[in-house]
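Heads up, the thing below is written out as structure tokens.
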Amino acid sequence: MDGLRGVGDVVLEPGTIAELRSTPVRSPLGLRLVRVSVVAAALVPVALYVVIALRQLGYPYELEWMEGGSVEIVGRVLRAQAIYVAPSLHYVPYTYPPLYFWLSALVAHVTGLSFLPLRLVSFTSSLGCFAVLFWLVRRETGDAVAGLVAAGLFAATYQVGGAWLDIGRVDSLWLLFLLLAVALARQAETWKGGVLVGLVLSAALLTKQSTLLAAAPLVAYLVVVRRRVGVVALGAWAVVVVGSTLVLNALSHGWYDYYVFTELLHQGTEASIWWRFVPGDLIGRVGWMLGLGVLGLIVYRRRSGTTTPWGFWLAVTAGFVGVSWVSRAHVGGGQDVLIPAFAALSALGGLGYEAVRRRVATHATGIEILLLAVLIVQLAWIGGHPAHLVPTPADQRAGQRFVAMVESTPGQVIVLDHPWYDTLAGKPSWAQDEAIHDVLRAGPSPARTDLLSSIGQELAAPEVTAVYTDSTSIDPALGDALQRYFRLSRQPVFSCFQCFFPVTDVAFRPYLHYVRR
């Protein structure tokens, strides 16, 4: 029709389009109510997480059984002691680079040494992850509601991701650096942007070495699609990583390389995880979220004029899901290693939500209701109510009694899996048992030989009068030396059946009490 312009089913005279664009189009009341419901559904898991995390922050005992080992490492930083040293029964470092412990030590200068500074770093980082996910999806879609959907979906994975977002472990800080690198890479167009991407990826790798796998597809995408940005990012990343590794290795006399790289490479994998990961950990937990992202990709491929670079997001998802898959197959890979996969799929879910909504705008209210139903089903499936993650007053009383019992024991006491409890009791601390097993699992090496020798010598020393282990039988790390020099006490460690277990990860607490023969 010459001289006329069509918008939807309405025919307008020339000159009226500008007026239409300048006049806000009011959505039907039902559609606005559904959108408000989507916002509310997305904010509920975020609010629940914040409430639970704030209630956990000040708890003076472990929320997860290896948390105390992290506090001991931060204590070494505060005392200007090396983190990476020869292993012994007195101390074995965790297999992580040092940045998280350095930052936690900075906070500990203000708060004092306890679980609090480590949890503050993790909690603040987790809030940063929510914010970056929101920003990324909102920037991509122009829709703040889609950004909230992504943040809410990720917050809802708090429990199925091991409830690790706010505890004294490296994961939340590491994920924040990864997401910041994604945000910078999404908008970087010049070599300066590439430098920033490389530096942030370097910070991620100095927090957790899994960055090498998680970021590889993203960097490869940049090298192919935005060559100047990608090559500079890769170069800056390589310079910082190689330089920091050489320096830290020289300062630690080679121990940094052993703990952070060599030891992990010599540990085994769980063969069944390779084929159980997708149906069990992904589809079984976040299948609706995954389906929404895949549907969004299908819808995108059938649209014209879209600006969403799904190739970029597929590269990000491949890296994040890939690192979770490999880490899950690694011996000892728990639910926490799923966190990066859940973050990427949450972003994909937010993008898919907006892509589907815009594709079928002519049926907006019905599609919004359907999307709201999908969102609620996914949140209910994985969210639940995390109140059980808050330690009880009975837990705190049991912890006080246990620390007092260790303090009142003459001589040195080994609390094998929880060295921070020795420190709380005013005793010398010892190596965390899982860090010991990491060295032993890595196979024959000078480190393993030195550690086994130290275990035998320390247990033979008469200064050590008692040993507490979490195992229900002889701990394999201590071997025959424990039976040779100690006998099992008949006195129960705890009088309560359910108290003082960490609220997340494996349910370990001191179980057997050995006294010197």
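Values below: all heavy atoms of this structure, side chains included; hydrogens, waters and symmetry mates excluded.
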Nearest-0.5 Å distance that lies between atom [atom1] in [X] and atom [atom2] in [Y]:
X: D433; Y: L440; atom1: CG; atom2: CG; result: 9.0 Å
X: T141; Y: L136; atom1: OG1; atom2: CG; result: 10.5 Å
X: L205; Y: L178; atom1: CG; atom2: CG; result: 9.5 Å

Which pairs of donor and acceptor atoms, one on a side chain in residues 332-347, lie under 3.5 Å apart (sequence neighbours left out)?
{"from": "S346", "atom 1": "OG", "to": "F154", "atom 2": "N", "distance (Å)": "3.2"}
{"from": "S346", "atom 1": "OG", "to": "F342", "atom 2": "O", "distance (Å)": "2.7"}

Kindly say whether [Y] contributes a backbone atom to a donor-acceptor pair with the side chain of [X] at under 3.5 angstrom?
X: S126; Y: D166; value: no
X: Q378; Y: W288; value: yes
X: T157; Y: V160; value: no
X: R119; Y: I167; value: no
X: Y61; Y: D395; value: no
X: T124; Y: V121; value: no
X: R226; Y: A185; value: yes

Go through the side-chain N and O atoms of [X] and [Y] and say whether any donor and acceptor fall under 3.5 Å apart.
X: W420; Y: E67; result: no
X: T262; Y: D257; result: yes
X: W174; Y: T211; result: yes
X: Q159; Y: Y49; result: no

Non-hydrogen side-chain atoms of [X] and [Y] separated by less than 4.5 Å:
X: F101; Y: V170; value: yes
X: Y353; Y: E368; value: yes
X: S244; Y: S202; value: no
X: V219; Y: L201; value: yes

Closest contact, heavy atoms only, [X] versus [Y]:
X: A188; Y: G194; answer: CB-N, 4.4 Å
X: V46; Y: G152; answer: CG2-CA, 4.0 Å
X: A315; Y: P217; answer: O-CB, 3.3 Å
X: C129; Y: S172; answer: SG-O, 3.8 Å

Inset, instruction - For the pair V326 and L213, evaluate side-chain contact (heavy atoms from CB on, under 4.5 Å) and give the outcome as yes or no after the intermediate values. - result: CA-CA 9 Å; V326 172; L213 178 57; 3.6 Å; yes
Inset, instruction - For R139, look at atom CZ and say whether over 12 heavy atoms of other residues, nucleotides or ligands are found less than 6.0 Å away. - result: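 Yes - once you tally the heavy atoms of other residues, nucleotides and ligands closer than 6.0 Å, there are more than 12.
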Legend entry - Enclosure of R228 CZ (heavy-atom neighbours >12, cutoff 6.0 Å):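 Result for CZ/R228: open.
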Inset, instruction - Please assess D171 against L165 for the test side-chain contact (heavy atoms from CB on, under 4.5 Å), listing each intermediate value before the final yes or no. - result: CA-CA 7 Å; D171 298 76; L165 293 180; over 6 Å; no
Inset, instruction - With W65 as reference, evaluate D417, D470, D505 under the side chain to side chain donor-acceptor pair (under 3.5 Å) test and give the passing residue. - result: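 Of all the options given, the one that passes is D505.
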Legend entry - Which residues share a side-chain hydrogen bond (donor to acceptor under 3.5 Å, both in side chains) with Q209, sequence neighbours left out: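 None.
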Pair [X] + [Y], salt bridge at N-O below 4.0 Å:
X: R169; Y: E64; answer: yes
X: E434; Y: R441; answer: yes
X: D143; Y: R357; answer: yes

Inset, instruction - For this output row, return yes or no: ring centroids of Y259 and Y94 closer than 6.0 angstrom. - result: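 Between Y259 and Y94, the centre distance exceeds or equals 6.0 Å.
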Inset, instruction - Taking the six-membered ring for Trp and the full ring for Phe, Tyr or His, determine whether the centres of Y256 and Y258 are under 6.0 Å apart. - result: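 No - the distance between ring centres of Y256 and Y258 does not fall below the 6.0 Å cut-off.
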Legend entry - Test side-chain contact (heavy atoms from CB on, under 4.5 Å) applied to L389 and L63, step by step: CA-CA 8 Å; L389 296 173; L63 296 169; over 6 Å; no
Inset, instruction - Dump the intermediate steps for side-chain contact (heavy atoms from CB on, under 4.5 Å) on V137 and V149, then the final yes or no. - result: CA-CA 9 Å; V137 175; V149 167; over 6 Å; no
Legend entry - Cation-aromatic face contact R509/F501, 6.0 Å, 45 degrees: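 That pair qualifies as a cation-pi contact.
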